[in-house]
Novice: 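Below is a structure I'd like to ask you about.
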Protein chains: 2
Amino acid sequence: MINYELYKVFYWAAKTGSLSKAAKLLFITQPSVSHAIKQLEDSMGITLFYRNSKGVALTQEGATLYSYIEKSQILISLAEEKMAALKNLDSGELRIGGSDSLFKHYMLPYLETYHRKYPGIKLHLNHGTTPETIAILKEGKIDLGVVRLPIVDPQLEVMEGIQLQDCFVAGAKYAELKDKVLSLELLLQYPIILFSRNSRVRMAITELFESYGYQIKPEIEVGSVDLLIELARKGLGISYVTKEFISKELEDGSLFEIQLDIKMPPSQVGFMMMRNLPLSNAASKFIELLK
Amino acid sequence: MINYELYKVFYWAAKTGSLSKAAKLLFITQPSVSHAIKQLEDSMGITLFYRNSKGVALTQEGATLYSYIEKSQILISLAEEKMAALKNLDSGELRIGGSDSLFKHYMLPYLETYHRKYPGIKLHLNHGTTPETIAILKEGKIDLGVVRLPIVDPQLEVMEGIQLQDCFVAGAKYAELKDKVLSLELLLQYPIILFSRNSRVRMAITELFESYGYQIKPEIEVGSVDLLIELARKGLGISYVTKEFISKELEDGSLFEIQLDIKMPPSQVGFMMMRNLPLSNAASKFIELLK
DNA sequence: ATTGATCATAGACGTTATCTATAGCTCCTG
DNA sequence: CAGGAGCTATAGATAACGTCTATGATCAAT
């Protein structure tokens, strides 16, 4: 089997028409090049170059070989450039899975900073529920997932992010509740708007109410946090949303938080990635940014 | 600079999805492959494979590298196949320069034998005068030339071929000359047909006559040996041709040789090639055949 | 004739590719 | 659940071979 390193030498010798020049470009000495070419010729049983005191010139057969090797070498050069770009993060991609609301209300500033720092990296945001995100993470379709904890999966490594506080909010229509402290029973008298059934937040609130002996049944169910906010503002009911995601509405008074007589447990955002699988360069820089 | 040999290892590891299998295919041990891949990863600063107990799988970046390297390796394989074919003379070309008449009347059987033995070799016959043939030989456009000797050129190596005998011939119209022995003076009374001025044979006969104090001036001048023969048969004059090329006509009596009172010097056919430049495999096999 | 290129050759050296031996891991099976 | 059969990683020894220096041979140009 021919040592492919010899083709590199052959390529430069043929390209420059000189063993000495090839040697300089390859940072080796001229006898080494001479020896390498000889080796190639011997192992092929074909003379590749005509030698004279001005340099070397390809024979017919050498020229035939060159026509293949040239293309091959160019591909390798392109590969090396591409790899260098991937390493410098001048190129590449970062694929993140998670919920749209977390992307919009929590990740956005990080994504912006990252993109400004590494404009060559393509960002792929893959929205889906927590189980969906875990699934595509295991399939290798994303580098990391952003979801609500807890996640218990031995294959996954989890890094904690911000802590969020969910709460019930209402708009002007329910202004009467503004300074009251409601019991769960009383709250349930009002029309409730919740996120759709398969979400982690929805599961959490359902369990919480059950632990107090109540069943929470929404009047309206939606699939978007923005809609949840909008419906509460318009007075269609009381929404259960993440407090940090509605800071604007709380400030301008279009929504207010409903005080409850129990403490709502905080919810923890986390980043998950495959345990034992190395992160791509692009992904580990992003993780660094998050810390 | 990355050792291209590592790409060969990378290629097989990626292709088979297993370092052990790659090792077998490359006739080295598994730790060597493991080491080679590690080296490649280190020098690029990029993880190329995910490893687990079932084998290895390309990472995103590894897959990107593979897309280039695969093409490159395939080209090298094609090159190696092509070179093997060139060496076995399953492929390649043999380019010969010389005069059409030598090709037709002298080389033909050799060319046929050669072609039967090496049907994959393309034959290029490049007809031209002796100086033209020498010129294209020096330009590297042909592997060898077939011409009349003598050739004196330090750059060329000459191998002697057959010895030919030129002579004057006539057809039925000049039947009266059949058993006579003519002097040059007498011969010149008849219309002479010669090959065109720039040929080696023409120069030789001109010089020969001059050495005896005569000037030979043809009635007709032609550029083809076949025409020379045909014109003599039709009785348009006495042609100066190579005896060996008209054996058929001499036998069937359509032409007869004119006896002269001087001995015509023989002319030597020779093969010439570039001194100091190695012959292609295809060409040296042809030379062998000629011997 | 001399200088300055070129490539080829020989022999010594030292890097490094490869090997053996072994460990660690995961999956499968009796 | 223990043990076997894959797989890859690691460590250290060894030997191959790629590279070097020194020199020769050839040719072209000054």
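Protein chains get the first letters and strands the later ones, always in sequence-line order, with residue 1 at the start of each.
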Novice: One thing to verify: whether K138(A) and E132(A) come together as a salt bridge, which I'm taking to mean a side-chain N less than 4.0 angstrom from a carboxylate O.
Specialist: no
Novice: Using atom CG of L26(A) as one end and atom C1' of dC20(D) as the other, report the distance to the nearest whole Å.
Specialist: 15 Å
Novice: Could you tell me how far apart L6(B) (CG) and dT16(C) (P) are, to the nearest whole angstrom?
Specialist: 12 Å
Novice: Where the side chain of N3(B) is concerned, which of dA17(C), dC19(C), dC7(C) is the nearest nucleotide?
Specialist: dA17(C)
Novice: Measure from NZ on K8(B) to P on dA17(C) and round the result to the nearest Å.
Specialist: 13 Å
Novice: Indicate, yes or no, whether a donor-acceptor pair under 3.5 Å links the base of dA17(C) to the side chain of E5(B).
Specialist: no
Novice: Using OP1 and OP2 only, check whether a side-chain N or O of S34(A) sits under 4.0 Å from dA8(C).
Specialist: yes
Novice: Please determine, by modelled atom types, if Y66(A) and E61(A) share a side-chain donor-acceptor pair under 3.5 angstrom.
Specialist: no
Novice: Would you indicate which nucleotide in dT8(D), dT18(C), dC20(D) comes nearest to any side-chain atom of I28(A)?
Specialist: dC20(D)
Novice: Hey, does the side chain of T29(A) come within less than 4.0 Å of dT19(D)'s phosphate (OP1/OP2), counting only N and O?
Specialist: no
Novice: Under the salt bridge (Lys or Arg N to Asp or Glu O under 4.0 Å) rule, collect the residues that match up with E5(B), sequence neighbours excluded.
Specialist: K8(B)
Novice: When you measure from every atom of DNA chain D, which of residues 35-70 of chain A have a heavy atom less than 4.0 Å away?
Specialist: H35(A), Q39(A), S53(A)
Novice: Report the C-alpha distance between H115(B) and Y110(B) in whole Å, list the side-chain angles of each, state the deciding distance to 0.1 Å, and finish with yes or no for side-chain contact (heavy atoms from CB on, under 4.5 Å).
Specialist: CA-CA 8 Å; H115(B) 183 65; Y110(B) 297 110; over 6 Å; no
Novice: Q30(B) has a side chain; which of dC7(C), dT21(D), dA9(D) sits nearest to it?
Specialist: dA9(D)
Novice: Does T129(B) offer a backbone N or O that forms a donor-acceptor pair with the side chain of T133(B) under 3.5 Å?
Specialist: yes
Novice: Does F10(A) form a ring pair (Phe, Tyr, Trp, His ring centres under 6.0 Å) with Y7(A)? I'd like the steps, not just the answer.
Specialist: CA-CA 5 Å; F10(A) 168 76; Y7(A) 291 126; 7.3 Å; no
